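Everything numeric here is computed off the predicted structure, so don't read it as measured data.
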Amino acid sequence: MDKIKLSIRAIAANMKISIEELAKRCGINPFHLKQVSAGNVKMLAEDVQKISEYTGIPADNIVA
């Protein structure tokens, strides 16, 4: 899985949860994460870290 890049949408879908639920579980503002997923804003480094810690996916493999 080292070279695979996963989007927020793909991560949530793989976990069978919504983007909003992923945000809540990771301690991220759900509106912000939805905006990131839509490409309207950039993801913060701390958000990547939180998602990485929650999912176990390396931060380098998470893309907006």
Residue pair Cys26 / Ile51, side-chain heavy-atom distance below 4.5 Å
yes

May I ask you to test the Gln49-Tyr54 pair for a side-chain heavy-atom distance under 4.5 Å?
no

Any residue meeting salt bridge (Lys or Arg N to Asp or Glu O under 4.0 Å) with Arg25, in chain and number order, not counting sequence neighbours
Glu21

Could you tell me which residues satisfy salt bridge (Lys or Arg N to Asp or Glu O under 4.0 Å) with Glu53, sequence neighbours excluded, listed by chain and number?
none

Can you name the side-chain contact (heavy atoms from CB on, under 4.5 Å) partners of Ala13, sequence neighbours left out?
none

Which residues pass the side-chain contact (heavy atoms from CB on, under 4.5 Å) test with Asn14, sequence neighbours left out?
none

Please round to the nearest 0.5 Å and tell me the distance separating atom [atom1] of [X] and atom [atom2] of [Y].
X: Leu6; Y: Ile57; atom1: CG; atom2: CD1; answer: 5.0 Å
X: Leu22; Y: Leu33; atom1: CG; atom2: CG; answer: 6.0 Å
X: Ile28; Y: Asp47; atom1: CD1; atom2: CG; answer: 4.0 Å

Assigning hydrophobic clusters by single linkage (Ile, Leu, Val, Met, Phe, Trp, Tyr; side-chain heavy-atom cutoff under 4.5 Å), is [X] placed with [Y]?
X: Ile11; Y: Val41; result: yes
X: Met15; Y: Ile19; result: yes
X: Ile8; Y: Ile17; result: yes

Determine, stepwise, if the pair Leu44 / His32 fulfils side chain to side chain contact (heavy atoms under 4.5 Å, CB included).
CA-CA 10 Å; Leu44 303 172; His32 175 71; 4.1 Å; yes

Nearest heavy-atom neighbours spanning [X] and [Y]:
X: Gly27; Y: Lys50; result: O-NZ, 3.2 Å
X: Ala59; Y: Ser52; result: N-OG, 3.4 Å
X: Pro30; Y: Ala23; result: CA-CB, 3.6 Å

Among all residues two or more places apart in sequence or in another chain, which pass the side-chain hydrogen bond (donor to acceptor under 3.5 Å, both in side chains) test with Lys34?
Glu20

